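Okay, so here's the structure we're looking at.
The shown structure was predicted, so the numbers you read here are calculated from the model rather than taken from an experiment. So you know, we letter chains A, B, ... as the sequences are listed, proteins then strands, and number each from 1.
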2 protein chains.
Amino acid sequence: MKATSPHGRSELLRPDGSPVRVLVVDDESALADLLSMALRYEGWEVRTAGNGAEALRITRELRPDAVLLDIMLPDMDGLTLLGRVRNELPEVPVLFLTAKDAVEDRIAGLTAGGDDYVTKPFSLEEVVARLRGLLRRSGAAAARSESLLTVGDLVLDEDSHEVSRAGQEIHLTATEFELLRYLMRNPRRVLSKAQILDRVWSYDFGGQANVVELYISYLRRKIDAGRSPMIHTRRGAGYLIKPGE
Amino acid sequence: MKATSPHGRSELLRPDGSPVRVLVVDDESALADLLSMALRYEGWEVRTAGNGAEALRITRELRPDAVLLDIMLPDMDGLTLLGRVRNELPEVPVLFLTAKDAVEDRIAGLTAGGDDYVTKPFSLEEVVARLRGLLRRSGAAAARSESLLTVGDLVLDEDSHEVSRAGQEIHLTATEFELLRYLMRNPRRVLSKAQILDRVWSYDFGGQANVVELYISYLRRKIDAGRSPMIHTRRGAGYLIKPGE
DNA sequence: CAGGATTCTCAGGCTATTCACAGATAGCCG
DNA sequence: CGGCTATCTGTGAATAGCCTGAGAATCCTG
């Protein structure tokens with residue numbers, strides 16, 4: 001059975017019906033807080049650790065369903081920590097946070113086992129989506145739900161990143177895809193430009209607020225072109241998506 | 001079960017039936033008082049703090065269901081305070097008050113956790129509506145009520161900002177929407193022009209008092225047009241809305 | 001490292017919205 | 001019925017908010 005989270009979206013639950021448990025390991029507390037807030041809002045139970053020792057303690061105690069791990073840690077190398085965590089919970093899926101330029105190949109090796117990674121600076125939408133993907137695939141989440149989001153005749157596949165309207169394939173860039181996913185995860189709800197910026201753009205984005213308008217414009221061109229519009233502007237409030245007619 | 005507030009509107013209650021508790025943090029006492037009055041009128045229990053230290057103390061003591069936080073504080077940076085509050089009450093929803101132009105240069109991640117914000121100068125209707133939205137979604141309020149307001153065949157959706165009468169969609173501007181929401185939240189009750197002005201227009205509005213008449217006129221054109229009128233004038237007293245016939 | 005795709009800035013243009021003003025209208029009282 | 005006042009609403013100007021084209025900068029890919 002699917003439950004409904006505070007904000008009305010369907011959420012992932014553990015097989016016994018309790019909320020999914022996530023451990024966040026990051027030494028930058030601002031980042032840890034940001035992540036923790038976003039994940040809690042998904043309806044998940046979150047614990048944060050600022051170093052390896054703490055992370056291990058919580059791992060034993062909480063037995064999380066997923067771990068979000070920044071591999072640059074002060075006291076203990078992230079990889080060492082990973083080993084110890086794996087010792088405790090061999091099956092737990094891990095989402096790595098890593099700096100952009102960090103040795104890609106090493107990470108690539110790490111993610112071979114079904115884990116995943118996200119580079120800093122990331123967007124919350126991206127982290128949440130990846131984490132959902134890991135949980136979905138790991139079987140920690142009871143409902144091994146579909147990866148499809150549907151609004152009217154518009155379909156978005158979170159796994160394959162494919163989007164189509166009325167059966168016709170639509171190519172989107174990465175940013176367009178994330179924006180659309182955010183809209184589609186909140187259908188019929190007005191989302192302000194600030195909310196969208198906070199969620200879809202990375203936390204260190206310092207640019208003009210009108211990128212949102214710009215990308216809405218791009219999306220409309222690809223999604224609404226000719227057809228009955230699904231993306232609507234609520235002047236002075238924000239944007240929302242809903243099935244056309 | 002839903003109780004009824006002093007003025008007859010349905011109100012949000014905590015799961016145990018006690019009133020919702022809100023903490024207001026603002027160093028401008030005039031604003032804090034204004035807000036406090038408006039929120040008390042909603043039937044909520046309100047405490048105000050003028051600085052970060054006080055806010056923290058009250059947070060521990062009161063354990064509020066929501067926090068209204070001005071991010072420009074004298075003693076402690078609003079973000080620092082936010083972190084500490086989150087430390088005490090990880091799940092508490094926060095409504096930020098911020099200057100108009102601050103939004104432009106970025107309030108990274110503020111709305112990330114389902115929080116929300118309102119720019120100064122705001123209208124009380126806006127603040128109350130946002131706060132109600134946060135409470136509704138956070139689950140602090142027992143009645144996880146619909147976002148729909150209904151009077152007769154007139155329906156207003158606070159999430160999608162959509163209004164319809166007898167199933168027929170009606171487009172309203174932002175100001176029209178707020179005015180109608182205020183009327184609909186107080187059905188069959190006469191609201192004076194002064195009350196409406198105080199509530200729907202921002203506190204620094206310096207214009208002619210007849211904007212209210214003007215916007216009532218706009219609303220009638222859109223809502224009552226042709227149909228049996230729902231918006232009524234009580235000459236010398238104000239306006240009220242009630243189901244037509 | 002070239003070519004293409006993508007992201008983003010900037011600025012012009014446009015429309016919806018807000019609001020002031022003032023004349024028209026309607027209720028109320030004698 | 002006449003006059004007074006409260007309310008209604010047409011007109012139009014100023015503005016805010018949004019949209020989008022052009023192009024610079026950056027990133028990716030082979």
With side chain to side chain contact (heavy atoms under 4.5 Å, CB included) as the criterion, how do B:Ile216 and B:Ile231 come out once you've worked through the C-alpha distance, each side chain's angles and the decisive distance to 0.1 Å? CA-CA 8 Å; B:Ile216 288 283; B:Ile231 300 176; 4.1 Å; yes

So B:Phe177, base contact, sugar-phosphate only, or nothing? Heavy-atom distance under 4.0 Å. nothing

Under 4.0 angstrom between A:Thr175 side-chain N/O and C:dT7 OP1 or OP2: yes

Given C:dC19, is OP1 or OP2 found less than 4.0 Å from the side-chain N or O atoms of B:Trp201? yes

What's the closest nucleotide to the side chain of A:Phe205 if the choices are C:dT9, C:dT7, D:dC19? C:dT9

Can you tell me the distance, in whole Å, between the CD atom of A:Gln208 and the P atom of D:dG17? 16 Å

From the set C:dT17, D:dT9, C:dA20, return the single nucleotide nearest to any side-chain atom of B:Ser217. D:dT9

As a quick check of understanding, evaluate side chain to side chain contact (heavy atoms under 4.5 Å, CB included) for B:Leu154 and B:Met184, giving each step before the final call. CA-CA 9 Å; B:Leu154 182 63; B:Met184 289 181 72; 3.9 Å; yes

Spacing of A:Asn210 atom CG relative to C:dC8 atom P, expressed in whole Å: 11 Å

Touch class at under 4.0 angstrom, heavy-atom based, for B:Leu214 against every strand present: base

Could you check whether atom CD of B:Glu169 has more than 12 heavy atoms from other residues, nucleotides or ligands sitting under 6.0 Å from it? yes

Starting from P on C:dA26, measure out to CZ on B:Arg220 and report it in whole angstrom. 13 Å

What is the distance, rounded to the nearest whole Å, between atom CG of B:Leu179 and atom C1' of C:dC19? 15 Å

Separation of A:Ile216 atom CD1 from D:dG21 atom C1', in whole Å? 18 Å

Can you tell me if the side-chain N/O atoms of B:Thr173 get under 4.0 Å from OP1 or OP2 in C:dT18? yes

Just by distance, with hydrogens left out, do B:Arg220 and B:Thr233 show a side-chain donor and acceptor under 3.5 Å apart? yes

Report which part of the nucleic acid A:Glu213 touches: base, sugar-phosphate, or nothing (heavy-atom distance under 4.0 Å, all strands). base

Looking at D:dT7, C:dT7, C:dC10, which one has an atom nearest to any side-chain atom of B:Tyr239? D:dT7

Taking only side-chain N and O atoms of A:His171, does any of them lie within less than 4.0 angstrom of OP1 or OP2 on C:dT6? yes

Once you apply a heavy-atom cut-off of 4.0 Å, does A:Tyr218 come out as touching a base, just sugar-phosphate, or nothing? base

Which of these passes salt bridge (charged side-chain N to carboxylate O under 4.0 Å, His left out) with A:Arg199: A:Glu178, A:Glu126, A:Glu42? A:Glu42

Counting heavy atoms from C-beta on, name the nucleotide in D:dT20, D:dT9, C:dT7 closest to the side chain of B:Arg221. D:dT9

C:dT17 C1' sits how many Å from B:Glu178 CD, rounded? 14 Å

Mind calculating the distance between CG (A:Leu172) and P (C:dA5) to the nearest angstrom? 15 Å

So does A:Lys193 get a side-chain nitrogen or oxygen closer than 4.0 Å to the phosphate oxygens (OP1/OP2) of D:dG17? no

Would you say a side-chain N or O of A:Thr233 is under 4.0 Å from OP1 or OP2 of D:dC19? yes

If you measure only the distance, is there a donor-acceptor pair under 3.5 Å linking the side chains of B:Thr111 and A:Asp198? yes

Checking only heavy atoms, does the side chain of B:Arg235 share a donor-acceptor pair with the base of D:dT5 at less than 3.5 Å? yes

D:dT7 P sits how many Å from B:Leu197 CG, rounded? 14 Å

